[in-house]
Amino acid sequence: DTFTHNIYYSIDPSGIGMTMLVTDHTGLTYDWTLPRDIVQYLTTDPGYIYITLATYDSEGTFIGQTDPIDICVIVPEDIVPTASIGDLSDVGGIVPTDWNIFVQGKSKLSFNISGEGAEGSTITNYTVEVNGETFNKTETSTIITSVLNNSGTNTITLTVTDSRNRSTTVTKDFEVVAYSSPVLDTYSAERSDSSGTLVDDGEYLSYIINGTIADCSGKNTATYSIGYTVDGSLVWVVVNATETSTVLPGQTFAGGKSHNIYFKMVDSLGSTVIVETTLESVFKLVNINKSITAMALGKKSRAGIDEKLLE
């Protein structure tokens, strides 16, 4: 008798959802090269497909069929997931957006990550490494870093892993501009006359103030101020940086007492440095107060009428 065979395959071990591979085959063997697109049904690697053989006699009467036989299928090495790192933005809230730079110690990165399985696989894990931090996610996400620590070229590394345990790694480089806090390099306060000539008994303030800031690609600037107390309230006056003695107009400082003078420097990113110095009282070799209860050497006595004090 002549027998014919129908061959089916399925991805279900029970044979559910069988697909016809060949009909009315009469030979004892059958060579089959698996089509590449069959891997879309295999969510793991290796995966399995199941072959069933149904036999008919010469009259076409069904004789019987085999139980499903499993065939191990190795997914080709070039079938891997894809990964993507989106555009980078600064969400630190400190660096002006129109600077269009990332600044060390000030900027925080925000970016999206995404991935896509290959030929039927699904993404199971996203691993991001950036700024000395590691983020593990199981789905498409927005990553927000802590403050960026290192200047120069930094790298984001994204590794995407799929359900077949296949991985793809992509990187994105970005530049971080070096930053350090402002430094007041030079400051002084001395008595002068209204023209700025330094005199021991002057009632005007002549000052020097200058400092150093991080350049930040030429975008950072510094604002300088001098502070002093008027009627118990601290007053700040914005001044220009200067390396030469410059008189502060419009304000006198009585020679009978010393005055606390403050120098402030603020850069465009809000970092502030303040130092304090003393504008001494008018020089006296020896000064005795009116009640003859106190004496000061080299300055005017600050003692009250009934206070006994040696300065």
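All values below come from the heavy atoms of this structure, side chains included, with hydrogens, waters and symmetry mates left out.
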List, one per line, each side-chain donor-acceptor pair under 3.5 Å for residues 86-98, sequence neighbours excluded.
unit_1	atom_1	unit_2	atom_2	d
Ser89	OG	Ser110	O	3.4
Asp90	OD1	Gly92	N	2.8
Asp90	OD1	Lys108	N	3.1
Asp90	OD2	Ser107	OG	2.6

>> Looking at Phe102, is its backbone amide N or carbonyl O close enough to the side chain of Glu175 to form a donor-acceptor pair, meaning the two atoms are under 3.5 Å apart?
In response: no
>> Check whether Arg164 reaches the backbone of Pro81 with its side chain - one donor and one acceptor, N or O, closer than 3.5 Å.
In response: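 No.
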> Does any donor atom in the side chain of Asn6 or Thr23 lie under 3.5 Å from an acceptor atom in the other side chain?
Replying inline: no
> Heavy-atom count around Asn165 CG within 6.0 Å, excluding the residue itself: above 12?
Replying inline: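 No, because the 6.0 Å sphere around CG of Asn165 holds 12 heavy atoms or fewer from other groups.
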> Who are the side chain to side chain contact (heavy atoms under 4.5 Å, CB included) partners of Thr61, not counting sequence neighbours?
Replying inline: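 If we apply the side chain to side chain contact (heavy atoms under 4.5 Å, CB included) test to Thr61, skipping adjacent residues, the hits are Asp57, Glu59.
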>> My understanding is that only residues two or more places apart in sequence, or in another chain, count here; which of them pass side chain to side chain contact (heavy atoms under 4.5 Å, CB included) with Ser271?
In response: Lys106, Tyr179, Pro182, Asp267
>> For Thr278 versus Asn260, what's the shortest heavy-atom pair and its separation?
In response: OG1-OD1, 4.0 Å
>> On a heavy-atom basis, which atom in Ala118 and which in Ile79 lie closest, and how many Å separate them?
In response: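 Minimum heavy-atom separation between Ala118 and Ile79: CB-CG2, 3.7 Å.
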> Do the charged groups of Arg191 and Asp201 touch, with an N to O distance under 4.0 Å?
Replying inline: no
> Below 4.0 angstrom, N of the basic side chain to O of the carboxylate: do Arg36 and Asp78 qualify?
Replying inline: yes
Do the rings of [X] and [Y] sit parallel, tilted or perpendicular, given the 30° and 60° boundaries?
{"X": "Trp32", "Y": "Tyr9", "answer": "tilted"}
{"X": "Phe263", "Y": "Tyr187", "answer": "tilted"}
{"X": "Tyr228", "Y": "Phe253", "answer": "perpendicular"}

